[in-house]
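Letters go in sequence order (proteins before strands), and every chain restarts at 1.
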2 protein chains.
Amino acid sequence: MLPAIRNLFDNTAESVDEIIHRLLEGSSFRLEQIVSYGVQSPSDFWYDQDSAEWVALIKGEATLEFEEGSLGLRAGDSLIIPAHVKHKVTHTSKDAVWLAIHYTK
Amino acid sequence: MLPAIRNLFDNTAESVDEIIHRLLEGSSFRLEQIVSYGVQSPSDFWYDQDSAEWVALIKGEATLEFEEGSLGLRAGDSLIIPAHVKHKVTHTSKDAVWLAIHYTK
């Protein structure tokens, strides 16, 4: 049987909430697809995660805020957010889709 | 210091060979960006891998061949290729970029 195909850019569903799809998991990592629908982090909220995260914006535009400043992201941009580096999402376009890997070494 | 950004779609380099960039590695996975430049597998060659692979074509078009048949891929398509499922790349567009995770559970 041929492997099933899942298209990561398809985000035609309408939602008022961010949707996280867990795509894959191993003992030291978890791969997620995150469909943002324009959702932002609450302004008084910071992510402060116990594990490091590799994140790639594969569709759309977004802005990540760190304590040191902001990063504007265009489609294709990827970065590593070390554990306990505080961050939030201050803007996403309606069509924004991310891949994220939470991992330990 | 703000995290460094790497754009995964930028493949403006000219190459006659496929280029594999190792982006991230943990004890149970390895994340790679593969820039194909239109390169195909040799016709008498099959990949036969000891670990499972999640692969996503994030830019361009490509065709994967399995013993059971072919899969035409468009940008955004992702699939899981179990360990020891033989496959080859029979076509890639010049601008094709992949993400691949080799992993064990």
Side-chain angles (χ1 to χ4, degrees), chain A residues 1-12 21-33 35 51-60 62-82 85-87 95 97-105, chain B residues 1-12 21-33 35 51-60 62-82 85-87 95 97-105:
Chain A
M1 210 175 71
L2 289 169
I5 293 178
R6 178 194 187 109
N7 192 281
L8 301 171
F9 294 159
D10 288 346
N11 55 347
T12 50
H21 300 280
R22 188 168 295 196
L23 299 180
L24 199 64
E25 194 160 11
S27 59
S28 70
F29 77 101
R30 186 174 78 246
L31 170 68
E32 295 171 344
Q33 177 201 25
V35 186
S51 57
E53 180 178 3
W54 172 89
V55 65
L57 181 71
I58 58 170
K59 186 177 176 184
T63 306
L64 282 181
E65 188 175 326
F66 297 85
E67 290 181 298
E68 297 84 352
S70 290
L71 284 179
L73 302 181
R74 62 189 173 96
D77 281 346
S78 69
L79 60 151
I80 289 172
I81 304 173
V85 167
K86 290 182 186 171
H87 60 285
D95 62 346
V97 180
W98 311 77
L99 288 175
I101 301 175
H102 302 270
Y103 67 97
T104 53
K105 288 281 181 184
Chain B
M1 210 175 68
L2 289 169
I5 293 177
R6 177 193 188 110
N7 192 281
L8 301 171
F9 295 160
D10 288 346
N11 56 348
T12 49
H21 300 280
R22 189 169 296 196
L23 299 180
L24 199 64
E25 194 161 10
S27 60
S28 70
F29 77 100
R30 185 174 79 245
L31 170 67
E32 295 171 343
Q33 178 201 26
V35 186
S51 57
E53 180 178 4
W54 172 89
V55 65
L57 182 72
I58 57 170
K59 185 176 176 185
T63 306
L64 282 181
E65 188 175 326
F66 297 86
E67 289 181 298
E68 297 83 353
S70 290
L71 284 180
L73 302 180
R74 63 189 174 96
D77 281 345
S78 68
L79 61 152
I80 290 172
I81 304 173
V85 167
K86 290 182 185 173
H87 60 284
D95 61 347
V97 180
W98 310 77
L99 288 175
I101 301 176
H102 302 270
Y103 67 98
T104 54
K105 286 283 178 183

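For the side-chain contact (heavy atoms from CB on, under 4.5 Å) test with B:Leu31, the passing option among A:Leu31, A:Ile101, A:Leu99 is A:Ile101; the others fail.
Chosen from A:Leu71, A:Leu23, A:Ile58, the residue pairing most often with chain B at heavy-atom distances under 4.5 Å is A:Leu71. Chain B forms more heavy-atom pairs under 4.5 Å with one residue of A:His87, A:Lys105, A:Gln33, A:Glu67 than with any other, namely A:Lys105. Ranked by heavy-atom pairs under 4.5 Å with chain A, the first of B:Ala4, B:Ser27, B:Pro82 is B:Ser27. Taking chain B as the reference chain and counting heavy-atom pairs below 4.5 Å, the highest number among A:Met1, A:Glu25, A:Arg74, A:Glu68 is found for A:Arg74.
The backbone N or O of B:Ala75 lies less than 3.5 Å from a partner atom in the side chain of A:Asn7, making a donor-acceptor pair.
If you measure heavy-atom distances from B:Ser78 to chain A, the contacts under 4.5 Å come from both the backbone and the side chain. Proximity to chain A (any heavy atom under 4.5 Å) is restricted, for B:Leu24, to the side chain, taken from C-beta onward.
With values rounded to the nearest 0.5 angstrom, A:Leu2 atom CG is found 11.0 Å from B:Ile81 atom CD1. The distance from atom CG of B:Asp10 to atom CG of A:Asp77, rounded to the nearest 0.5 Å, is 8.0 Å.
Residues B:Ser28 and A:Ser28 come closest through the heavy atom pair OG-OG, 2.9 Å. The minimum heavy-atom distance between B:Pro3 and A:Leu79, with the atom names listed, is CB-CD1, 3.6 Å.
Aromatic ring orientation, A:Phe29 versus B:Phe29: tilted (interplanar angle from 30° to 60°).
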